[in-house]
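This is a predicted model, so every value here is computed, not measured. All residue numbers in this chain count up from 1 along the given sequence.
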Amino acid sequence: MSYADLIGVERARDVLVERLPAVMEHGLSFCRAVYHTTPGGGTVDVPGGLDAGLPDIRIRPDLSTIAPIPWEDGVASCVGDAFEPDGDEPCPEAPREVLRRAVARLGELGLDAVAGPELEYYVCDPDPSSPTGWRRYGDATGNVYTAGRKGDPEGHLLRTLRHLRDLGLGVTMGNHEFGGGQFEINLHHSGALDAADRAFRFKAGVQEIARSEGRLATFMAKPFNDQDGSGFHVHLSCLDGDGRSVFAGSHPDGLSDTAHHAIAGVLEHAPALAALLNPTINSYKRFGPDSLAPWLTDWGLDNRSAMVRIPPERGEASRMEVRLGDASANPYLGIAGLIAAVYLGIRDKAVPPPPLEGYGYDAAKAPVLPGDLPTALDALAADEALTEVLGEPFVTAFLTYKRDEVARFRRHVTDWEFTEYAYHL
């Protein structure tokens, strides 16, 4: 029984099968402050946690998500929903609930969102001689878009693809990416909640498969100074009540007014979205010219240097690819933020600027995205329209949690500082 905390970490409990009927009836109690627990194990003072005496939430299994775990004999996994302990009221900062709220608001316009996630990650082998204790697996240069043992000497990718397929996650294909030891796996598109569930379970599954091999799989945004970061790209489209794409249209670019409004919504709310899609201190070290990670709020037709790329397919395949996110993002919150921005753009009939032509990364042509986490958090705090869609209790909890992270980092002495200053100063 698992669920995602605020930063997308899988929190879970093992339940013996014979106890499942009781769990279905009563749910599982967890301390609410688990949502507010840092990677280092600290508890952040988010409203409703420490100040309320560390109360419970209740996790109830969603049996539509149950699936046998291929690499764990006799074990199945299931995603749960979080409720207040004294009733059927959903926990407002639960990421799955935040996404449901955004989906419901888009539904008010008669639209359903379809999402297709793409996630990159690095695989590392233990290395006691390394300062971090890890080195990149199969490290070699120039293996981008290769298959076989050239860039994957021990068959990690095929083994992982098959396991995740058998888990029912809708994985479609994978390849070696630009960095040494870096891989990308694509997931089939589906309704937003299902897509986020599968992306959440995908990340947890990749990490667990790597652990079973004695390795580390990391979705950290930029774990290495000398390699590119890892992205979380989301292909997003909207369907009407008949299941037809509302992004296909008669504009010269093959898109509809609705698609243009949706693009404009994402661009308008991009500074706030950065807090959800680039949610760590490390996230902003992934950006920059020639990194293929966007740092301007622009869009383009089949242009990978733009933040929003419109792939070349048209008709029912018309969609946007939002390239803003990095792999450390919580899939529920990242997709929820995008849907909220799309909803606002369509509702307000927002109009995007002309599309980018040629290679991007020219700050004279488009506004620059936040350059660090504090700036992105301030943008989220100031975006009242996005906050209203996502829910004020969630945004308050997220901002409190993340500003604590910023404060802790500002007090921490890094290796770079010691190397730079200690000998001469």
Side-chain angles (χ1 to χ4, degrees), residues 4 6 8 81 90 92-119 187-200 232-241 243-247 255-256 258-279 297 299 307-310 318-325 329-350 352 376 379-380 383-395 398:
L6 275 183
D81 284 310
E93 71 261 46
R96 214 168 181 240
E97 177 60 22
V98 175
L99 177 53
R100 278 201 181 98
R101 190 179 299 121
V103 168
R105 292 300 292 273
L106 186 64
E108 294 174 4
L109 303 178
L111 300 175
D112 289 318
V114 173
E118 297 177 355
L119 281 148
L187 287 85
H188 188 66
H189 60 272
S190 68
L193 182 61
D194 177 70
D197 278 341
R198 289 185 294 112
F200 162 63
F232 170 43
H233 299 166
V234 180
H235 291 251
L236 195 67
S237 61
C238 292
L239 307 180
D240 63 19
R244 298 189 64 82
S245 171
V246 297
F247 281 6
L255 300 175
S256 65
T258 302
H260 283 187
H261 299 329
I263 293 165
V266 171
L267 296 180
E268 180 178 342
H269 297 280
L273 292 175
L276 302 175
L277 285 161
N278 310 116
T297 54
W299 72 286
M307 190 193 87
V308 177
R309 168 181 173 256
I310 307 301
S318 300
R319 64 194 187 277
M320 68 172 79
E321 179 194 11
V322 183
R323 299 172 61 82
L324 173 61
N330 182 329
Y332 295 105
L333 302 183
I335 294 174
L338 291 176
I339 291 173
V342 164
Y343 160 75
L344 292 167
I346 296 173
R347 184 197 69 179
D348 299 339
K349 294 182 167 52
L380 176 59
D383 196 325
E384 295 179 1
L386 200 72
T387 294
E388 192 274 326
V389 178
L390 297 175
E392 190 275 333
F394 156 70
V395 173
F398 185 83

Side chains of residues 337-348: which donor-acceptor partners sit under 3.5 Å, not counting sequence neighbours?
from	atom 1	to	atom 2	distance (Å)
Tyr343	OH	Arg105	NH2	3.2

The criterion is side-chain hydrogen bond (donor to acceptor under 3.5 Å, both in side chains); which residues satisfy it with Arg101, sequence neighbours excluded?
none
Test of understanding: with side-chain hydrogen bond (donor to acceptor under 3.5 Å, both in side chains), list the residues that count as partners of Asp112, not counting sequence neighbours.
none
Contacts of Leu239 that satisfy side-chain contact (heavy atoms from CB on, under 4.5 Å) - sequence neighbours left out
Val114, Ser245
Quick one: side chains of residues 263-275, donor-acceptor pairs under 3.5 Å with protein atoms, not counting sequence neighbours, listed by atom name and distance.
from	atom 1	to	atom 2	distance (Å)
His269	ND1	Asp383	OD1	3.3
His269	ND1	Asp383	OD2	2.6

Report the residues that fulfil ring pair (Phe, Tyr, Trp, His ring centres under 6.0 Å) with Phe247, sequence neighbours left out, ordered by chain and then residue number.
none
Those residues at least two apart in sequence (or on a different chain) that pass side-chain hydrogen bond (donor to acceptor under 3.5 Å, both in side chains) with His235 are Glu118, Arg319
By side-chain contact (heavy atoms from CB on, under 4.5 Å), Ala199 pairs with (sequence neighbours left out) Pro117, Leu119, Pro331
Do Asp81 side-chain atoms and Glu97 backbone N/O form a donor-acceptor pair below 3.5 Å?
no
Residues that Arg198 engages under salt bridge (charged side-chain N to carboxylate O under 4.0 Å, His left out), provided they are two or more places apart:
Asp194
Please enumerate all residues that pass ring pair (Phe, Tyr, Trp, His ring centres under 6.0 Å) together with Phe232, with sequence neighbours excluded.
none
Which residue pairs pass the side chain to side chain donor-acceptor pair (under 3.5 Å) test when at least one of the two sits in residues 258-267, sequence neighbours left out?
Asp253-His260
